[in-house]
Every structure is written in structure tokens, then in C-alpha cells.
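Only this structure's heavy atoms are used, side chains among them; waters, hydrogens and symmetry mates stay out.
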Amino acid sequence: MPTIAVVGAGPGMGLAIARTFGAEGFDVALIARTAERLDGLAGLLAADGVIAKGFPADVLDRDSLTRALTDAAEHFGAIDVLEYSPGGPEPTFLNPTEATPEDVDLQMRYLVYGAMTATAAVLPAMRAAGTGTLLFTTGAGSVDPVPMLGDINAAGAALRNWAINLHKELEPEGIQAAHVAIGVWIGDHGPEGAPTATADQISPVYWDLHTHRDQAERIFTV
């Protein structure tokens with residue numbers, strides 16, 4: 001069975017992406033900070049007939065992230081798809097002039113450095129196999145920034161740039177790398193007037209990027 005590793009697995013997008021790939025015959029390696037959360041998600045997937053196992057790691061701890069992905073590859077045989085969408089710290093709503101280098105660096109550690117670490121853990125095997133998929137998620141502020149997310153959008157734009165450039169490098173090798181920018185509030189209780197969508201409505205985008213391998217980016221809006 002092919003396997004997808006979902007880094008930043010949670011009950012929203014992570015679970016929806018796992019279900020989408022699980023329905024297509026994938027096993028699922030779930031990576032998040034707490035074993036309790038991972039066990040719960042694995043149980044939900046098992047109820048859907050999807051084989052899943054959790055591997056605890058903190059994306060800010062690069063050694064633990066590398067170890068979790070290595071353990072997942074050993075357990076399942078290989079990681080065929082990596083999806084990276086970690087939950088970062090609570091938004092601080094900082095305008096660009098308010099954000100400090102330390103504020104931006106924290107977001108870079110979550111979004112960019114974690115993505116680079118995860119990629120480094122799975123890419124050698126993908127290169128050896130001549131195939132694989134790497135998917136990275138940000139908010140749409142990485143494309144069209146909004147002032148109150150000055151720190152997050154700066155890091156998101158950096159990840160977007162890196163992911164699209166990665167696509168250009170790896171496409172000749174048969175490896176797909178792509179970026180997903182989500183331009184809606186996910187779920188209920190969003191700001192008044194904000195566009196919304198469910199995680200289940202968004203997750204098919206990831207399968208499309210896995211199967212349509214010439215595309216480096218999709219921006220989800222409604």
C-alpha cells in the first residue's frame with residue numbers, strides 16, 4: 001500500500017486529507033505533538049477502514065521530526081506522499097511594522113524550517129524510487145498578504161517560494177512538489193462576512209495535486 005505522512009495532523013484539515021488519501025487506498029502516518037491526539041485520529045480513520053498509525057513529534061524539534069518520519073517509513077515501508085501543514089502558535093495579529101525579527105523567525109521555524117526538515121527526511125527515498133509527492137500548506141496571505149498577519153504571511157510567502165522552486169527542481173526527476181494556499185475560514189465561527197469551507201471540501205485539492213503533477217500551486221477560494 002502507498003503511504004501518506006500528514007505532518008501537523010489534527011481533527012480539521014489533517015484528518016480530512018488523511019481520509020481523502022485513505023479512500024484512495026493509502027495507509028496514513030500521522031505526525032503531531034501528542035500521542036493522545038494521534039491515537040484518537042488513528043481510531044477515527046480505522047473506523048473508516050483506513051490503516052493509520054501515529055508518530056509523535058514537534059516540528060520545532062528537528063531531530064524529533066526527522067526521527068518520526070524515519071520511523072514511519074520503516075513501519076510502512078516507504079513514504080510516498082508528504083503533506084506538511086503544522087499548527088503554529090496562536091495568531092498574534094501583528095502588522096508588518098509591529099512584527100519583530102523574533103516574531104517572524106518563530107513562524108519561519110514552524111512553516112519553513114520544519115518543511116525543509118520533513119522534506120530532507122523523505123526525499124532521498126523518493127529520489128531513489130524516481131517518484132513521490134511533497135505538498136505544503138499555507139493561508140492565502142502567502143500570496144496576497146493582509147497587514148494584521150504580518151509575521152505569519154512573511155513566513156508563508158517564504159514557504160510558498162521554496163515549494164514552487166522545489167517543484168521546478170524536482171519535476172524532471174518524477175517528483176511532484178506543490179503548494180496549497182487556503183483562502184477561506186475553515187469550518188464554522190469565522191469572522192463575519194469571511195468566506196468559509198469545510199475541511200472535507202478543501203481536501204480533494206491535495207489529491208488533485210498528487211495526480212495532476214504538472215501543477216505547482218492551487219489557491220482554494222469560494
Inter-residue atom distance [X].[atom1] - [Y].[atom2], 0.5 Å rounding:
X: Ile202; Y: Thr221; atom1: CD1; atom2: OG1; result: 10.5 Å
X: Met1; Y: Ile51; atom1: CE; atom2: CD1; result: 6.0 Å
X: Asn165; Y: Leu170; atom1: CG; atom2: CG; result: 10.0 Å
X: Phe220; Y: Thr137; atom1: CZ; atom2: OG1; result: 12.5 Å
X: Ile4; Y: Phe76; atom1: CD1; atom2: CZ; result: 11.5 Å
X: Leu159; Y: Ile164; atom1: CG; atom2: CD1; result: 9.5 Å

Problem - Leu45 vs Val28 side-chain heavy atoms within contact, under 4.5 Å - result: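 Result yes, sub-4.5 Å side-chain heavy-atom pair found.
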Problem - Side chains of Val7 and Leu82 in contact at under 4.5 Å (non-hydrogen atoms) - result: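 Of all side-chain heavy-atom pairs linking Leu82 with Val7, at least one is under 4.5 Å.
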Quick one: salt bridge (charged side-chain N to carboxylate O under 4.0 Å, His left out) partners of [X], sequence neighbours excluded?
X: Arg37; answer: none
X: Asp71; answer: none
X: Arg109; answer: none

Path from [X] to [Y] over hydrophobic side-chain contacts below 4.5 Å:
X: Tyr84; Y: Leu41; value: no
X: Leu38; Y: Val50; value: yes
X: Val6; Y: Leu60; value: no
X: Val81; Y: Val59; value: no
X: Leu149; Y: Leu106; value: no

Exercise for the section: Using a cut-off of 6.0 Å, state whether more than 12 heavy atoms not belonging to Arg213 lie near its atom CZ. Expected result: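 Enclosed: over 12 neighbouring heavy atoms sit under 6.0 Å from CZ of Arg213.
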Exercise for the section: Might you confirm whether atom CD of Gln201 has over 12 heavy atoms from other residues, nucleotides or ligands at distances under 6.0 Å? Expected result: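 It does: Gln201 CD has more than 12 such atoms within range.
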Please report the closest heavy-atom contact between [X] and [Y], naming both atoms and the distance.
X: Phe93; Y: Glu98; result: O-OE1, 4.0 Å
X: Met126; Y: Ile79; result: CE-O, 3.6 Å
X: Leu111; Y: Ala155; result: CD1-CB, 3.8 Å
X: Ile31; Y: Leu65; result: CG2-CD1, 4.2 Å
X: Ala9; Y: Leu30; result: CB-CD2, 3.8 Å
X: Pro96; Y: Pro147; result: CD-O, 3.2 Å

Handout entry: Any residue meeting side-chain hydrogen bond (donor to acceptor under 3.5 Å, both in side chains) with Thr211, in chain and number order, not counting sequence neighbours
Key =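 Thr211 satisfies side-chain hydrogen bond (donor to acceptor under 3.5 Å, both in side chains) with no other residue.
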Exercise for the section: Only counting residues at least two apart or in another chain, list the ones meeting side-chain hydrogen bond (donor to acceptor under 3.5 Å, both in side chains) with Thr92. Expected result: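 Here the qualifying residues are Asp151.
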Exercise for the section: Could I get the full list of side chain to side chain contact (heavy atoms under 4.5 Å, CB included) partners for Pro2, not counting sequence neighbours? Expected result: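 With sequence neighbours excluded, Pro2 shows a side chain to side chain contact (heavy atoms under 4.5 Å, CB included) to Phe26, Asp80, given in chain and number order.
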Exercise for the section: Could you tell me which residues satisfy side chain to side chain contact (heavy atoms under 4.5 Å, CB included) with Thr100, sequence neighbours excluded, listed by chain and number? Expected result: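 Once residues adjacent in sequence are excluded, the partners of Thr100 under the side chain to side chain contact (heavy atoms under 4.5 Å, CB included) criterion are Glu102, Asp103.
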Handout entry: Sequence neighbours excluded - side-chain hydrogen bond (donor to acceptor under 3.5 Å, both in side chains) pairs with any residue from residues 50-69
Key =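 Residue pairs with at least one partner in residues 50-69: there are none.
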Can I get a per-line list of side-chain donor-acceptor pairs under 3.5 Å for residues 17-24, giving both atom names and the distance, sequence neighbours left out?
from: Arg19; atom 1: NE; to: Asp48; atom 2: OD2; distance (Å): 2.7
from: Thr20; atom 1: OG1; to: Ala16; atom 2: O; distance (Å): 3.0
from: Thr20; atom 1: OG1; to: Ser203; atom 2: OG; distance (Å): 2.8

List the atom pairs, donor and acceptor, that lie under 3.5 Å between side-chain atoms in residues 112-120 and the rest of the protein, sequence neighbours left out.
from: Thr117; atom 1: OG1; to: Tyr113; atom 2: O; distance (Å): 2.9
from: Thr119; atom 1: OG1; to: Ala115; atom 2: O; distance (Å): 2.8

Exercise for the section: Could you check Leu44 against Leu15 for side chain to side chain contact (heavy atoms under 4.5 Å, CB included), going step by step and ending with a plain yes or no? Expected result: CA-CA 9 Å; Leu44 292 172; Leu15 179 60; 3.9 Å; yes
Problem - Hydrophobic cluster partners of Ile219 (side-chain heavy atoms under 4.5 Å) - result: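 For the cluster that includes Ile219, the remaining residues are Val143.
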Atom pairs and distances, side-chain donor-acceptor, residues 172-183, under 3.5 Å, sequence neighbours left out:
from: Glu173; atom 1: OE1; to: Arg127; atom 2: NE; distance (Å): 2.9
from: Glu173; atom 1: OE2; to: Arg127; atom 2: NH2; distance (Å): 3.2
from: Gln176; atom 1: OE1; to: His167; atom 2: ND1; distance (Å): 3.0
from: Gln176; atom 1: NE2; to: Leu209; atom 2: O; distance (Å): 2.8
from: Gln176; atom 1: NE2; to: Gln215; atom 2: O; distance (Å): 2.9
from: His179; atom 1: ND1; to: Glu217; atom 2: OE2; distance (Å): 2.8
from: His179; atom 1: NE2; to: Thr138; atom 2: OG1; distance (Å): 2.7

Problem - side chain to side chain contact (heavy atoms under 4.5 Å, CB included) between Val222 and Thr196, worked out - result: CA-CA 8 Å; Val222 294; Thr196 63; over 6 Å; no
